[in-house]
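The structure appears right after this line, and notes come after that.
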Protein chains: 2
Amino acid sequence: MPLPSAGAAAARPLGPKDVRPLDEVDRAILAALAADARVSNKDLAERVGVAQSTCLARVRALVRDRVIRGFHADVDPRALGHDLQAMIAVRLQPDARGAINDSIAALSRRPEVLEVYFVAGANDFLVHVATPSTDELRRFVGDVLNRDPAVAGTETNLIFEHIRARGRL
Amino acid sequence: MPLPSAGAAAARPLGPKDVRPLDEVDRAILAALAADARVSNKDLAERVGVAQSTCLARVRALVRDRVIRGFHADVDPRALGHDLQAMIAVRLQPDARGAINDSIAALSRRPEVLEVYFVAGANDFLVHVATPSTDELRRFVGDVLNRDPAVAGTETNLIFEHIRARGRL
DNA sequence: CAGGTTATCGAATGATCTTCGGTTCGCTTG
DNA sequence: CAAGCGAACCGAAGATCATTCGATAACCTG
C-alpha cells in the first residue's frame with residue numbers, strides 16, 4: 001500500500017498547514033501514540049504491523065510534518081498545588097481586536113494558563129486556568145486580565161471537573 | 001468524585017488522589033516530561049541531576065501516584081480531517097443533574113469530543129469538539145446532544161484557534 | 001542508639017534504538 | 001516495453017539505552 005507521491009500536491013495554492021494523506025499505518029501509529037506516547041518503537045512497530053525501522057521513519061515523518069505537534073506528560077494540576085480551575089471568557093474592546101494575537105500570546109506564557117481558545121461569538125476567547133486558590137484566581141482576573149486596557153470584560157466560571165477525551169482517536 | 005477544599009489537607013479522610021509533597025527533582029522531572037514526554041531516561045536523569053536508576057524510580061512513582069496521568073501525543077485534528085472545532089455549552093434539565101456524570105461519560109467516549117469541562121454557572125458543562133465539517137457539527141449538536149432528554153439547551157461557538165499552553169510548567 | 005525503612009548510587013546485563021545496504025514497487029522516459 | 005529513477009520497505013548489526021541488583025547512606029522511631 002504505497003503512499004501517493006508528493007508530486008501531486010505541488011499545484012495547489014495551499015496554506016502552511018497543508019493536509020497530508022494518512023494511510024492506515026499512520027492512523028494506527030497516531031492512535032497508539034495518542035493513547036500512550038511512551039510505547040517503545042519495537043512494540044509500536046509490532047502493533048501496527050511494520051518493521052521497526054519503517055515505524056521509526058513514519059513517526060519521524062509525522063513529527064516533521066506537524067501531524068504530531070508534540071509529546072506531553074499530562075500532569076495533574078492538583079499535584080502542583082493548583083486546586084482551583086476556571087474557564088474565563090474574555091471580551092476585548094472593539095478597537096483592540098487587531099492586537100488579539102498579542103493578547104493571546106502574552107496570556108499563554110503565564111504559568112496559570114493551561115489553554116486558550118480563540119472563539120467566535122459574544123466573547124473573544126476562553127482561558128482555561130489553574131491556580132492554587134481563589135486568591136490567586138482573583139489576582140489573575142483582576143490584575144492580569146481586567147487591568148489590560150484591551151480587555152472589555154470577563155466572566156469567570158469555576159471548573160469542577162475536566163475530562164480529557166484525547167487518548168482515544 | 002469531588003474536587004474539594006483547597007484548604008487544610010491534614011484532617012481529610014483522604015482519597016487516592018491525595019496531595020503528595022514534591023521536591024525539586026520531582027518538579028524538574030514533571031517540567032521536562034510535560035515539555036517532551038519522549039526524552040530518554042538518560043537525558044532526563046542528567047538534566048535533573050540524579051542517577052539514571054533514581055530517575056527511573058522517580059518517574060515510576062509519579063505515574064503510580066497519579067501525579068502524571070498519562071503520556072500523550074498531541075495530534076493535529078486537521079491532519080485527521082477534523083477542520084472544524086467548536087466549544088458547546090450544554091445546559092441540563094434541572095431534574096437530570098443527578099445523572100450528569102453519566103452524560104459526561106457518554107460524551108467523552110464519542111470520537112468528536114476532545115474535552116469536557118464540568119462547570120459552575122449558567123451552563124452545566126462545556127464540550128470541546130472537532131469535526132470534519134459543519135454538517136458533522138450540526139449532526140453532533142442535533143442528534144447527539146439535543147436529542148438527549150436530559151439536555152435542556154446548547155450554545156455552540158466556533159473555535160478559530162486553540163493554543164495549548166501546557167508544556168511549560 | 002539500635003533497628004528498620006527509604007532513597008540513592010554505580011555497575012552489569014539485557015533490551016531497545018538507529019543506521020545501513022539491499023530489495024521491491026510504481027511511475028516516468030526514452 | 002524496458003530502463004531509469006525515486007520512494008518506501010525490510011532485516012541485520014552495532015551503538016545506545018533501560019532496568020535490575022547489591023551496597024551504602026540518611027532518616028525516623030521506639
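Protein chains get the first letters and strands the later ones, always in sequence-line order, with residue 1 at the start of each.
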Parallel, tilted or perpendicular: which one describes the rings of B:Tyr117 and A:His162, with boundaries at 30° and 60°?
parallel

Measure across A:Ala79 and B:Leu22 and return the closest heavy-atom pair with its distance rounded to 0.1 Å.
O-CD1, 3.3 Å

Angle between the two end axes of the helix from C:dC1-D:dG30 to C:dG30-D:dC1, five base pairs per end, rounded to 10 degrees?
30°

I'd like to know if the side chain of B:Asp76 reaches the main chain of B:Arg78, judged simply by a donor and an acceptor atom lying under 3.5 Å from each other, with no hydrogens or angles considered.
yes

B:Leu56 CG - C:dG14 P separation (whole Å)
18 Å

Trace of the salt bridge (charged side-chain N to carboxylate O under 4.0 Å, His left out) decision for B:Arg97 with B:Asp124:
CA-CA 8 Å; B:Arg97 297 230 165 80; B:Asp124 290 292; 2.7 Å; yes

Base, sugar-phosphate alone, or nothing: which one does B:Arg60 contact when heavy atoms must sit under 4.0 Å apart?
sugar-phosphate

Using modelled atom types and a 3.5 Å cut-off, is there a donor and acceptor pairing between side-chain atoms of B:His72 and backbone atoms of A:Ala34?
yes

Stepwise, does the side chain to side chain contact (heavy atoms under 4.5 Å, CB included) test hold for B:Ile88 with B:Thr156?
CA-CA 4 Å; B:Ile88 309 171; B:Thr156 302; 3.9 Å; yes

Sorted by number, the residues of residues 41-53 of chain A with heavy-atom contact under 4.0 Å to DNA chain D:
A:Val50, A:Ala51, A:Ser53

Between A:Val113 and B:Ile163, is a side chain to side chain contact (heavy atoms under 4.5 Å, CB included) present by the stated rule, with each step listed?
CA-CA 10 Å; A:Val113 175; B:Ile163 296 177; over 6 Å; no

Map A:Thr54 and B:Val39 onto DNA chain D by nearest heavy atom, then report which one ends up closer to the 5' terminus.
A:Thr54

Side-chain contact, heavy-atom cut-off 4.5 Å: A:Val90 with A:Asn123?
no

Base, sugar-phosphate or nothing for B:Arg58? Non-hydrogen atoms, less than 4.0 Å.
sugar-phosphate

To the nearest angstrom, the CZ-P distance between A:Arg38 and D:dC17 comes to 14 Å

